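Notes follow once the structure below has been shown.
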2 protein chains.
Amino acid sequence: MKFEAVTIKDIAKALGLSTSTVSRALRDSYEISEDTKKLVKEYAASINYRPNPIALSLKEKRSRSIGVVVCEIANSFFSQIINGIESIAYDQGYNVTISQSHESFEREVLDVSHMASRSIDGLLISVSAETKNFEHLQKLHAQGLPIVFFDRIVPDIETHKVTTDNAAGAHAATRHLLENGYRRIAHLGAAEYMTITQERLRGYKNALAEKQIPFDTSLVKHCTHGGMLEKEVQAALDALLALPEKPDAILAAADKLTTNCLRYLQKNGIKVPDDIALAGFSNSDLTELLHPPLTVVKQPAFEIGRSATEMLLQLIEARRPVTEFAHTVLPAELVIRESSLKK
Amino acid sequence: MKFEAVTIKDIAKALGLSTSTVSRALRDSYEISEDTKKLVKEYAASINYRPNPIALSLKEKRSRSIGVVVCEIANSFFSQIINGIESIAYDQGYNVTISQSHESFEREVLDVSHMASRSIDGLLISVSAETKNFEHLQKLHAQGLPIVFFDRIVPDIETHKVTTDNAAGAHAATRHLLENGYRRIAHLGAAEYMTITQERLRGYKNALAEKQIPFDTSLVKHCTHGGMLEKEVQAALDALLALPEKPDAILAAADKLTTNCLRYLQKNGIKVPDDIALAGFSNSDLTELLHPPLTVVKQPAFEIGRSATEMLLQLIEARRPVTEFAHTVLPAELVIRESSLKK
DNA sequence: ATGAAAGCGCTAACAA
DNA sequence: TTGTTAGCGCTTTCAT
């Protein structure tokens, strides 16, 4: 489709027809005779004609492509989500353009503006860990760009949202730890202001409350970069382990947090679960092979991707402005393994 | 950029100028007076004007976007490559569109044709494990679409290529196993016809030859889907372990192969490295946390992505047809851990 | 049943 | 210095 790019005009010239006749013939218009249709179609096929999608986009004012912004592709949770997104988008003839924020607000703003100016028809986004200001999204949304939030949502913007039942996931994991005899459970969370962080913390607190365990602020640490930086996890754990009354278990509330937590413990020769138990959110398919096999809260990533995409396409293809928005909450799954077993 | 989409025409009308003057003013043309430029620019900024990239693409006959086809995003090796690709492309103002073949030939052909018809300016591709027929790529290449192959390359198509020194990587790992006293080293490879499979097998053979260990065909197994399917790995290992003389070590020649191999061994209660040693290609950042920590051949994924993208952009932006092609071979790194230590 | 022409947003050759 | 116009590839009235 590069150098010689066949156009409708070429076909018209070769066949001694007008471009409009060719166009109509190709689209099977009723006003074109069967003979002409056949002639045009066969010739088009023979020279491998492909309509130029850019010209089409210009005309139709839509690009049939959707943008996806996530913090990291190299994170199982997000790559699984992307698989879900693709599975739907592709079938519907939509292209998927992916951008990573690497948890940087600045980068996210750039990504989003780049995408918007690239004429995407809609946006799927899970905001970066640094994002506290949502103007860039608010503006686009106000301008009419269909947006669906997933995972890390923006509560203030009225549109479809898809999340995991984070509170329930954290709750189940915490209760599980409690039931296994752990009492001083530390909570390692991502950036404080993120919705997912708050929800997971809430689930943790509720589980404690149910067992009448007092909530101890000193057991809660936050890593602003969601565990991306090994040293922030290190700092948090250093602090936790320096506590007069050390925790006997850790609930890590994000993928990187969980694995980097394990990394820290291994490096420091701390046995899991003997010295300290560990459970955490993770979607990696290697968690069962870790040392020890990790108890994880697994999110329905593929489903999140599918669901968000379905919603977005619905928004994009809506005839009239949509005013009713759904917030789909999908269940998390607690997978119990050795890292959190009985004291 | 949706509903109200400001165009140059709007600006022209509002300011009582012609569209061409506006266009030139925005692009800082020397033929426009400073006053007019200022006027236009300020007004454009005030109403948040953004040039329509689709119209630009149509005119310039380029989309400033490149296509990437890999088998799986959820594979660390490829997600790291994509990070490398993005790091370059983004800076140069190129968009990256990613597609996954999921190791299916059919899907790859679809992906590629979809991308080509989407008017990408160039293609970065690592072919699927099923791909033995390269017509779909050959055709595009012949038509003038710039293509750069990485990792799983197509030798017959003359263009830039970037790979890891697969033979050297496999060689180093095999030698390491030999030096640690292992003598019956099995080789678990991906699809036989793939270049990477052959190269890695070659490195393995050479290392054996250097130590005068006879090459034993029965110790070599291939998994056509590159380890994606757990059961193909299972079948291969079942066969290996049923051998009259069992292997005492395994060299797995692909990411999924390595981890699924470990999965199999763990499931079957086979101790690593006591019962059997394991080393393999992997780029996961969790390999050091596995049970046991895995000895891996790590590919310079980020660099592969960078390098391939630089080459592609060079091809895209070349003034004259490029006739000299480079094949960049980057070194792999052997990371020695417990899974392959002394017998 | 087919063709001519306008227009999507933008740039650039040509005029003025 | 600014305006007019044509054209990128395609669809779609409006003529014929």
Side-chain angles (χ1 to χ4, degrees), chain A residues 1-41 43-44 47-65 93 116-121 143, chain B residues 1-41 43-44 47-65 93 116-121 143:
Chain A
M1 343 282 73
K2 291 269 100 175
F3 286 174
E4 50 167 288
V6 185
T7 76
I8 271 192
K9 209 190 253 173
D10 298 325
I11 302 181
K13 204 179 294 168
L15 265 36
L17 293 168
S18 75
T19 59
S20 43
T21 302
V22 174
S23 169
R24 277 184 281 233
L26 290 170
R27 324 200 96 243
D28 237 343
S29 164
Y30 66 97
E31 19 181 24
I32 302 296
S33 74
E34 286 307 321
D35 290 354
T36 312
K37 278 188 194 171
K38 195 169 168 236
L39 180 70
V40 170
K41 285 183 181 175
Y43 181 72
I47 59 172
N48 195 27
Y49 165 79
R50 305 246 162 247
N52 178 331
I54 291 188
L56 278 174
S57 294
L58 183 60
K59 188 124 245 283
E60 291 179 10
K61 302 187 169 229
R62 67 186 318 208
S63 59
R64 286 206 155 264
S65 84
S117 80
R118 271 268 156 209
S119 310
I120 50 168
D121 293 342
Q143 277 176 128
Chain B
M1 339 282 80
K2 293 269 98 176
F3 286 173
E4 49 164 291
V6 184
T7 75
I8 270 192
K9 208 190 253 173
D10 298 325
I11 301 180
K13 203 179 294 167
L15 264 37
L17 293 169
S18 75
T19 58
S20 45
T21 303
V22 173
S23 168
R24 279 185 279 235
L26 290 171
R27 327 199 95 240
D28 237 344
S29 164
Y30 66 97
E31 21 181 25
I32 302 296
S33 75
E34 285 308 321
D35 290 354
T36 311
K37 279 187 193 172
K38 195 168 167 235
L39 179 70
V40 171
K41 286 182 179 176
Y43 181 70
I47 59 173
N48 196 28
Y49 166 79
R50 306 244 161 248
N52 178 331
I54 291 188
L56 276 173
S57 295
L58 183 59
K59 186 124 250 279
E60 292 179 10
K61 304 192 167 219
R62 65 187 318 207
S63 59
R64 285 206 155 265
S65 83
S117 82
R118 270 268 155 208
S119 309
I120 49 168
D121 293 341
Q143 277 175 128

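First the proteins, then the strands, lettered A, B, ... as listed; each starts at 1. Note that these values count all heavy atoms, side chains included, but never hydrogens, waters or copies made by symmetry. For clarity, every value in this text was computed on a predicted model and none was experimentally measured.
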| query | Can you tell me how far C1' of dT16(D) sits from CD of E31(A), to the nearest Å? | reply | 13 Å

| I32(A) has a side chain; which of dT11(C), dC8(C), dT2(C) sits nearest to it? | dT2(C)

| task | Measure the distance from NZ on K59(A) to P on dA6(C) and round it to the nearest whole Å. | result | 13 Å

| task | Verify the contact: side-chain N or O of K9(B) to OP1 or OP2 of dG7(C), cut-off strictly under 4.0 Å; return yes or no. | result | no

| message | Taking any heavy-atom pair under 4.0 Å as a contact, classify S33(A): base, sugar-phosphate, or nothing. | response | sugar-phosphate

| Any idea which heavy atoms bring P51(B) and P53(B) closest together, and the distance? | O-CD, 3.1 Å

| Taking only N and O in the side chain of Y30(A), is any of them less than 4.0 Å away from OP1 or OP2 of dT2(C)? | no

| Between E60(B) (CD) and dG7(D) (C1'), how many Å, whole number? | 14 Å

| note | Minimal heavy-atom distance between S18(B) and A12(B), with the atoms involved, is C-CB, 3.8 Å

| query | To the nearest 10 degrees, how far apart in direction are the end axes of the helix from dA1(C)-dT16(D) to dA16(C)-dT1(D), each fit to five base pairs? | reply | 60°

| request: Report the C-alpha distance between I11(A) and I47(A) in whole Å, list the side-chain angles of each, state the deciding distance to 0.1 Å, and finish with yes or no for side chain to side chain contact (heavy atoms under 4.5 Å, CB included). | output: CA-CA 9 Å; I11(A) 302 181; I47(A) 59 172; 4.0 Å; yes

| Of the listed nucleotides dT11(C), dC10(D), dC8(D), the one nearest the side chain of N52(A) | dC10(D)

| task | Look at R24(A) and dT12(D) and indicate whether a side-chain polar atom (N or O) is within less than 4.0 Å of OP1 or OP2. | result | no

| Can you tell me how far P of dC10(C) sits from CZ of R62(B), to the nearest Å? | 18 Å

| request: Please test T21(B) against L15(B) for side chain to side chain contact (heavy atoms under 4.5 Å, CB included), starting from the C-alpha separation and ending with a verdict. | output: CA-CA 10 Å; T21(B) 303; L15(B) 264 37; over 6 Å; no

| Closest heavy-atom contact between T19(A) and K9(A)? | CG2-CA, 4.0 Å

| request: Send over the distance from R50(A) CZ to dC10(D) P, rounded to a whole Å. | output: 12 Å

| Taking the side chain as C-beta and beyond, is there a heavy-atom pair between N48(A) and Q143(B) under 4.5 Å? | yes

| query | Expressed in angstrom and rounded to an integer, what is the separation of D35(A) atom CG from dA1(C) atom P? | reply | 11 Å

| Quick one: on DNA chain D, does K37(B) or L58(B) contact a more 5' nucleotide (nearest heavy atom)? | K37(B)

| Quick one, which residues of residues 11-22 of chain B touch DNA chain D with a heavy atom under 4.0 Å? | G16(B), L17(B), S18(B), S20(B), T21(B)

| task | By nearest nucleotide on DNA chain D, pick out whichever of A55(B) and E34(B) is the more 5' one. | result | E34(B)

| I8(A) vs L26(A), side chain to side chain contact (heavy atoms under 4.5 Å, CB included): CA-CA, chis, key distance, verdict | CA-CA 9 Å; I8(A) 271 192; L26(A) 290 170; 4.2 Å; yes

| task | To the nearest Å, give me how far apart CD1 (I54(B)) and P (dG7(C)) are. | result | 20 Å

| said: With a 4.0 Å cutoff (strictly under), does any side-chain N or O of K61(A) reach OP1 or OP2 of dG9(C)? | reply: yes

| remark: note: L56(B), atom CG; dC8(C), atom C1'; distance rounded to Å ~ 13 Å

| query | Which atom pair, heavy atoms only, marks the closest approach of S63(A) to I120(A)? | reply | OG-CA, 3.7 Å

| task | Indicate, with a heavy-atom threshold strictly under 4.0 Å, whether T36(A) touches base, sugar-phosphate, or nothing. | result | sugar-phosphate

| Given K41(B) and D28(B), is the side chain to side chain contact (heavy atoms under 4.5 Å, CB included) satisfied, shown in steps? | CA-CA 9 Å; K41(B) 286 182 179 176; D28(B) 237 344; 3.2 Å; yes

| said: Using every non-hydrogen atom in the two residues, find where E31(B) and S29(B) come nearest and quote the distance to one decimal. | reply: CG-OG, 2.8 Å

